[in-house]
Amino acid sequence: MIPYPREIQSLGGKMSLPKRFEVICPDEMSCLAAYIQRFNEAYQRLVDAFPASVSSDVRKIKLNLMPRIAASHKDMHMIMIDEGAVTLSAKSENGFRYGLTTLKQLCKIAVNAGRDHLETARIIDYPVYDYRGLHLDVSRHFFGVEVVKNYLDYMDEFKLNHLHWHLSDDQGWRIESTKFPLLHEVGAYRYEADGKLYGGYYSHEEIKQILEYAEGLGIEVIPEIDLPGHTVAMLAAYPSLACFPREFEVETHWGVFDDILCVGKPKTVSFLEELLDELCELFPGRYFHIGGDEAPKTRWQDCPNCKAMLKEHVLPDFEALQGWFTNEIVKILRAKGKEVLAWDEVLDSPVDSSIIAMAWRGDAKDSAKLALKNGNRYILSPNSITYLDWSAGEGEPGRKEISTLENVYGIDPQSYEGAHLCLGIQANLWTEYIPDETRLFRMLHPRAMALAERAWNPRSDYEGFLSRLKALGELR
Ligand SMILES: [Zn+2]
């Protein structure tokens, strides 16, 4: 199983695989109806593929709601497989989801091994981290609703529970905006080198659809609007937000660009305040990611407005001006009840300690130190370990840098300073060199499974992980 459960006790008996399961769900958990339906359909597909593996019986899976279960984690659950039936006890929706996912994997492993039964067992399980994330960049290449749903399905298979959705960058703005429609009308499209128009955006309706789908899987979606850098697409739509307005084109190249938002003009912050109003209504979840990475100060240094702002707030340098701007945006979002995430560059200047830093630079050791010093919680997504746009090995597609399956599995949050401030780990998938869904999943799989296991179970066992990948039929 992946991620591997915390405790498995074999009870020495057998339960024949039934032709179908009947899941008995308490009224309080009726919200799981669609998830149970998914479980049943997945089991049906397994049976259809291997009809000889199953008996003619129907077995019950009893969901047992135990609000008072002595739990070291809210998603703790216990699975009892005995000869006649399965009992799954939990106190949270996700506890039940994770238990059903484990059962699904157990059935798959049995069938793959040519067995017609499950071994009776008692499994107690819960994740080490609440935050087990996967990131998706839809700006460099755009992926429609169905692909995002497939991505969420993949996350569900391995109990990843946060989708970090990178929705804006130099190469495209991807959200319909009723307040600032040029953002999607202009900012969502670019002319490629061959003269073809490339782009797209999600309508409000499509975003609601995706959020609803994610909710059904118990996955939290975190929108990211990258500020103040990586904003050429925004400037193409609203050039007056730049230090030196001109006609901007949505970028067709990859990289870091000097034209970023002018934070010296008060209208930039008021524009963002209105925009965030709209976006927070669209994304009612707990978290909001404000980017903050790779913002060159080249324009600010020459801009009379930015220089004046620096002076007005008695700031030592332009790095500190980004810190001031970050804190302004954090104030707006916190007033709306949001927890704010940002890339670790924001820690380079004094910022609000409530920000959850996404520690990504290098191996993220220095960022963890910075976070500890300033008292910020952090999520680990180190460039040199969990960037899945890096090639998985010689001859594999992706960037020239390599992060193998074993390297990803090697992430060890306990080896970082301020480990008590670490909320979890995340793998990032930037899509400069990922033009379609096939490539997307090739980069993701199976490295995201390594991340999923390390975010769930503190015990590191790479050889065991490989053999379990094989048993699940997931190793190419
Ligand atoms: Zn400026």
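Numbers for residues simply follow the sequence, beginning at 1. Computed from a predicted model, the values in this text were never measured in an experiment. All ligand and atom numbering here is 1-based and tracks the order in the structure.
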- Item | Asp317 side chain vs Ala320 backbone, donor-acceptor pair below 3.5 Å | yes
- Message: Run the ring pair (Phe, Tyr, Trp, His ring centres under 6.0 Å) test against His313 and tell me which residues pass, sequence neighbours left out.
- Response: Trp324
- Item | the Zn ion (ligand 1): protein N, O or S atoms that are less than 2.8 Å away, sorted by chain | Cys243 SG, Cys262 SG, Cys303 SG, Cys306 SG
- Hey, are the side chains of Phe142 and Tyr202 touching, using non-hydrogen atoms and a 4.5 Å cut-off? yes
- Query: Which residues pass the ring pair (Phe, Tyr, Trp, His ring centres under 6.0 Å) test with Tyr238, sequence neighbours left out?
  - Reply: Phe180, Phe271
- Verify, without hydrogens or angle tests, whether Asp352 (side chain) and Asn327 (backbone) share a donor-acceptor contact under 3.5 angstrom. no
- Item | Under the ring pair (Phe, Tyr, Trp, His ring centres under 6.0 Å) test, residues paired with Tyr131 that sit two or more places apart | His162
